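The structure under discussion appears below in the form of structure tokens.
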Amino acid sequence: MIQRIFIGVAWPYANGPLHLGHIAGAYLPADIFARYHRMKGNEVLMVSGSDQHGTPITIRAEQEGMEPSEIATRYHTQFLKSWQELGISFDLFTRTGTDNHARVAQDIFLKLLDRGYIYKDSMSQPYCLKCQRFLPDRYIEGACPHCSSIKARGDQCDECGRTLDPDDLIEPFCRFCEGKPKMRETEHFYFRLDAFQEDLEEYVEKKEFWRPNVKNFTMNWLREGLRRRPVTRDMEWGIDIPIPGYESKRIYVWFEAVMGYFTCSKEYWRRRAAAASSRFMKMNG
Ligand SMILES: [Zn+2]
Ligand SMILES: [Zn+2]
């Protein structure tokens with residue numbers, strides 16, 4: 001029996017070149033797996049793409065005096081060249097900057113909103129008076145409240161791996177001017193991740209073929225309890241929030257990029273259908 005095998009390979013972040021670790025850790029094993037199943041006669045779909053939104057890219061663009069889109073395109077082009085030269089056999093390697101990705105991600109956002117899994121709330125966020133802007137994610141740094149690292153950022157601490165919110169940071173400062181930010185009220189959308197606690201526990205529990213360390217890591221994370229997370233940001237680079245009145249905000253990169261596995265598969269099948277129908281038109285004159 002022909003099996004349908006879906007391989008969603010981690011989306012490389014478009015703010016730096018690939019190195020051997022990326023190839024050995026993610027892309028080569030996935031390619032071997034895909035080739036094996038194709039040889040067996042299974043129907044394989046292997047997709048991925050450049051993850052090109054978020055503050056690491058805007059920070060890099062500001063440092064180099066370029067537009068975020070130029071940075072994203074530079075690395076996307078390099079990634080494509082690497083796959084070609086290495087022979088990594090993606091069925092589709094796209095990017096999160098396509099109209100298709102934005103449209104499908106916005107559609108998911110609206111569906112979640114409609115079903116009450118996304119809701120609006122106001123929150124206080126760090127704002128730099130000198131730079132005249134909110135400081136989302138990597139725009140703010142400070143000390144980690146969990147470990148002693150003094151290099152934690154507004155979204156996470158690389159030292160202990162914990163996810164953070166900007167107001168968790170001790171002695172926070174603006175990454176650009178090093179000034180002390182003031183807290184200011186702003187409206188954002190939250191995703192009720194906690195509503196999926198039981199479903200996710202049940203799902204992970206049943207995964208008998210997962211490696212034990214992966215399963216344990218995930219279960220420990222779930223045991224700490226899932227929390228609601230803000231899924232929008234005060235910034236201009238990213239996917240628009242599909243609701244009027246939120247023009248100065250974007251959907252958070254970690255929320256939309258993971259939808260890429262789905263948006264990319266839709267894109268692949270749309271292209272396949274278009275190619276098949278143009279062949280059919282030619283055949284029928
Ligand atoms: Zn830490
Ligand atoms: Zn500043």
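All residue numbers refer to positions in the sequence shown, counting from 1. Both ligands and their constituent atoms are indexed starting at 1 by order of listing. Keep in mind that what you see is a predicted model, and the values were worked out from it rather than measured.
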Take the Zn ion (ligand 1) as the vertex and measure to SG of Cys157 and SG of Cys160; round to 10°. 110°

Pair Phe189 and Tyr246, ring centroids less than 6.0 Å apart: yes

Distance-only polar pair, side chains of His101 and Glu256, donor-acceptor under 3.5 Å: yes

Test item: side-chain donor near acceptor, Glu185 and Ser122, under 3.5 Å: yes

Is His146 close enough to the Zn ion (ligand 1) that one of its N, O or S atoms comes in under 2.8 Å? no

Between His188 and Asp234, is there a side-chain donor-acceptor contact under 3.5 Å, judged purely by atom types and distance? yes

Would you give the angle at the Zn ion (ligand 2) between Cys177 atom SG and Cys174 atom SG, to the nearest 10°? 110°

SG (Cys147) to the Zn ion (ligand 1) to SG (Cys144), nearest 10°, is 110°

